[in-house]
Number of protein chains: 2
Amino acid sequence: MARKTGSHAEITGPRVRAAAQKLFARMGYAAVSMRRIAEEVGVQAGALYLYTPDKQTLLYDLMKAHMEELLEAWAAAGKGGDPLARLEAFVRFHIRFHLERPDAVFIAYMELRNLEAENFARIEALRKAYEDELEAILADGRAAGLFDVPDTKLATLALIAMLTGVNTWYREGGRLSRERIESIYLDMALGAVGAEAGRARAMAAPSREAE
Amino acid sequence: MARKTGSHAEITGPRVRAAAQKLFARMGYAAVSMRRIAEEVGVQAGALYLYTPDKQTLLYDLMKAHMEELLEAWAAAGKGGDPLARLEAFVRFHIRFHLERPDAVFIAYMELRNLEAENFARIEALRKAYEDELEAILADGRAAGLFDVPDTKLATLALIAMLTGVNTWYREGGRLSRERIESIYLDMALGAVGAEAGRARAMAAPSREAE
DNA sequence: ATTTTATATGAACGGGCGTTCATTTCAAAG
DNA sequence: CTTTGAAATGAACGCCCGTTCATATAAAAT
């Protein structure tokens, strides 16, 4: 038989994962039945238990994989540079990464409350690790006199909320290209942390300062 | 008998509303049963139908009341002034209003997908009306040469996402007062839209401000 | 050709769901 | 008192839930 063995979080069948991710994102974890997921895969409900011990683990595995992928991708993309360059890299990376997997992102921040306490704590730890990456950039930038940030924790949460917000309105083939969106959000992020040198280059004519 | 009469959205019994709001916010609409709500009220499930035609209407009424309250409160608070003063008023109003009713706010943006198409469209229209209030401020500010905003629609959504984000981490009696939080977010918002006049007053020395 | 193994079925389990409704309770109105 | 009628009960409706399991199928390994 093929019943799952180890301490769960195994390589849940890709077809099952894909079906669950799609349906959880569209209808919400609580509103999707195992029978509905099975239908999407083209199988009977009982067969799902060859790939996951239960519905909760299916959700947890999706969220865990997403968060780990996020951290790994940033570790690979966010190399060195001065704080300003690192902030630009972070902003562009965050928007691009999140726009590329809207379903996973949606689940990761809408279904937190449907995780059992233990699983919730694990996902929160991963989220915290990601936030810490941005906070370190802001702290370094402040220390270097590049940013004007009274509270790095607050600024971190504010920036991440702003950036992730793109996912709520972006639609493929819309009015603005991803590159353009990244640039606009980058300018807003730089302004929000008082990094006026970064903003200056986008200014030239119409109104204000030069540094 | 006391069965509801008009085209629904009546004055759903306040105790039922309060119980539903609390439970929907904590566990999610789909995960809360009518029996659980009844238990919270201290009544049997059947009695709830004296106050609402069905569960869906209970959710819709909560969201509609919240959005209308939001629009009315802003209409009362957001009087005139130049765009900079109006933006400051909006930021402070938004944070204060949202921090005062975390359950309603949480439901309003987490349970949209559980609304039937017709109800969804009505709530979205109210949300759009609120966003338009901010967008008008940004458009006026840009026209007056006060803000540097390449796309008012994007900036509107970015600012609202950033401001509403406060609700995800704020806890009563935390490290920072609401007033302090408002001020910090105000500075970030002003920076994000390139309103350097507003930020300037906070600059003086190397990092912090005094107001 | 036989055994093994992975994959799947489909019926069944106990239980919870939203909603309805005939009936009861009980305070206020007459 | 008696009548009214709003407020609430509690049983019942048909249906869907997550999960288990004995059984079937069929490809791979022997």
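Residue numbers begin at 1 in each chain, while the letters A, B, ... track the order of the sequences. All heavy atoms count here, side chains included; hydrogens, waters and symmetry mates do not. All of these numbers come straight from a predicted model, not from anything done at the bench.
Rounding to whole angstrom units, CE of residue B/M34 and C1' of C/dT19 are separated by 8 Å. With rounding to whole Å, B/N114 atom CG is found 12 Å from C/dG18 atom P. Rounded to whole Å, atom C1' of D/dA7 lies 17 Å from atom OH of B/Y49. One atom, CZ of B/R36, and another, C1' of D/dC17, lie 19 Å apart when rounded to the nearest Å. B/Q44 places its CD atom 16 Å from the C1' atom of C/dA22, with the value rounded to the nearest Å. Per the geometry, CD belonging to A/E39 stands 12 Å off P belonging to D/dC16, to the nearest Å. Taking atom CG of B/L48 as the reference point, atom P of C/dC21 lies 17 Å away to the nearest angstrom. In this structure, the CG atom of B/L50 is 15 Å from the P atom of D/dG10, given to the nearest Å.
Expressed to the nearest 0.5 Å, how far CD1 of B/I137 lies from CG of B/L159 amounts to 10.0 Å.
Nucleic acid contact class of B/V32 (heavy atoms, under 4.0 Å, all strands): sugar-phosphate only.
One donor-acceptor pair, N or O on each side, does fall under 3.5 Å between the base of D/dG18 and the side chain of A/R35.
Between B/K55 and A/G42, it is A/G42 whose nearest contact on DNA chain C lies nearer the 5' terminus. Nearest-nucleotide assignment on DNA chain D puts the 5′-proximal partner with A/A31, out of A/A31 and A/A47.
Under the 6.0 Å distance and 45° angle rule, A/R101 counts as a cation-pi partner of A/F97.
Minimum heavy-atom separation, A/A77 to A/F93: CB-CD1, 4.0 Å.
Remark: the backbone N or O of B/E116 is paired with a side-chain donor or acceptor of B/Q56 at under 3.5 angstrom.
Note on B/S33: every side-chain N or O is 4.0 Å or more away from OP1 and OP2 of C/dG16. Distances shorter than 4.0 Å separate some side-chain N or O of B/Y51 from OP1 or OP2 on D/dA8.
Checked against a 6.0 Å centroid threshold, the rings of B/H94 and B/Y130 count as neighbours.
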